[in-house]
Participant: 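I have a structure here, written as structure tokens, and I will follow up with some questions on it.
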Amino acid sequence: MTVKDYMNLPYTIKLKFIEDGSGKYYFASIDELDGCWADGETQEEALESLKEAMELWLEVSLEHNNTIPLPVERNYSGRFVVRIPKSLHHKLAQKAEEEGISLNQYALYKLSI
């Protein structure tokens, strides 16, 4: 694969606002590419700098025949299981009944707020 091929893959990009002793700025990174990060005064600047950093990161990795991680595929089923104390289960079931909805609908509502 070429640098361009890797650049077009759906890597996980994280953007975070930082305020510390050095000032206020945005920090951008790519989860799968260890050490591939950039910063900027604005979100746009940080993301543009990250694009340049990614390109350089990939070029160096290819030149040195390093393994380049592929993006992590994230397929969510929309379902997850969580264990809770019986007392909380009872309390949630009561609240759902009071609202006239299922426990699943009530849990979804509470998770979304």
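Numbers here simply count residues along the sequence, with the first being 1. Note that the structure is predicted; figures quoted are calculated from it, not measured.
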Participant: Say whether, by atom type as modelled, one donor and one acceptor occur between the side chain of Ser29 and the main chain of Asp31 under 3.5 angstrom.
Facilitator: no

Participant: Taking the side chain as every heavy atom from C-beta outward, state whether Lys14 and Ile30 have any pair of such atoms under 4.5 Å apart.
Facilitator: no

Participant: Drop me the distance from Leu47's CG to Glu52's CD, to the nearest 0.5 angstrom.
Facilitator: 11.5 Å

Participant: Is there a path of hydrophobic side-chain contacts, each under 4.5 Å between heavy atoms of I/L/V/M/F/W/Y residues, joining Tyr25 to Leu15?
Facilitator: no

Participant: To the nearest 0.5 Å, how far apart are CD in Glu45 and OH in Tyr26?
Facilitator: 11.5 Å

Participant: Step by step, work out the side chain to side chain donor-acceptor pair (under 3.5 Å) result for Ser22 and Asp20.
Facilitator: CA-CA 5 Å; Ser22 63; Asp20 60 17; 2.7 Å; yes

Participant: Would you find a donor on one side and an acceptor on the other, under 3.5 Å apart, between the side chain of His64 and the backbone of Val60?
Facilitator: yes

Participant: OH/Tyr6 to CH2/Trp57 distance, rounded to the nearest 0.5 angstrom?
Facilitator: 9.0 Å

Participant: Any donor-acceptor pair under 3.5 Å linking the side chain of Glu32 with the backbone of Thr12?
Facilitator: yes

Participant: Test of understanding: clusters of I, L, V, M, F, W, Y form through side-chain heavy atoms closer than 4.5 Å, transitively. Do Leu111 and Val82 belong to the same one?
Facilitator: yes

Participant: Which distance, rounded to the nearest 0.5 Å, do you find between the CD of Glu97 and the OH of Tyr106?
Facilitator: 12.5 Å

Participant: Surrounding CD of Glu41 (heavy atoms of other residues, nucleotides or ligands, distance under 6.0 Å), is the total greater than 12?
Facilitator: no

Participant: Side-chain contact test, heavy atoms from C-beta onward, threshold under 4.5 Å: evaluate it for Met7 versus Leu58 and give yes or no.
Facilitator: yes

Participant: Look at the side-chain heavy atoms of Ile, Leu, Val, Met, Phe, Trp and Tyr, link any pair under 4.5 Å apart, and say whether Leu9 and Leu33 land in one connected group.
Facilitator: yes

Participant: Output the distance between atom CG (Leu50) and atom CZ (Phe27), rounded to the nearest 0.5 Å.
Facilitator: 9.0 Å

Participant: With no hydrogens and no angle check, is any side-chain donor or acceptor of Glu99 less than 3.5 Å from a backbone partner on Lys95?
Facilitator: no

Participant: Can you list the other members of the hydrophobic cluster that holds Tyr76, where links are side-chain heavy atoms under 4.5 angstrom apart?
Facilitator: none

Participant: Any non-hydrogen side-chain atom of Met54 less than 4.5 Å from a side-chain atom of Tyr11?
Facilitator: yes

Participant: Where do Ala53 and Ala38 come nearest, in terms of heavy atoms and distance?
Facilitator: CB-CB, 4.5 Å

Participant: State the CD-NZ distance between Glu55 and Lys4, to the nearest 0.5 angstrom.
Facilitator: 11.0 Å

Participant: Specify the closest pair of heavy atoms between Ala46 and Gly40, including all atoms of both residues, with the distance to one decimal.
Facilitator: CB-N, 3.7 Å

Participant: Remaining members of Val72's ILVMFWY cluster at a side-chain heavy-atom cut-off under 4.5 Å?
Facilitator: none

Participant: Got a sec: does the CG of Asp5 have more than 12 other heavy atoms crowding it under 6.0 Å?
Facilitator: yes

Participant: Looking only at heavy atoms, which two atoms of Pro71 and Pro10 are closest? And how far apart?
Facilitator: CB-O, 3.3 Å

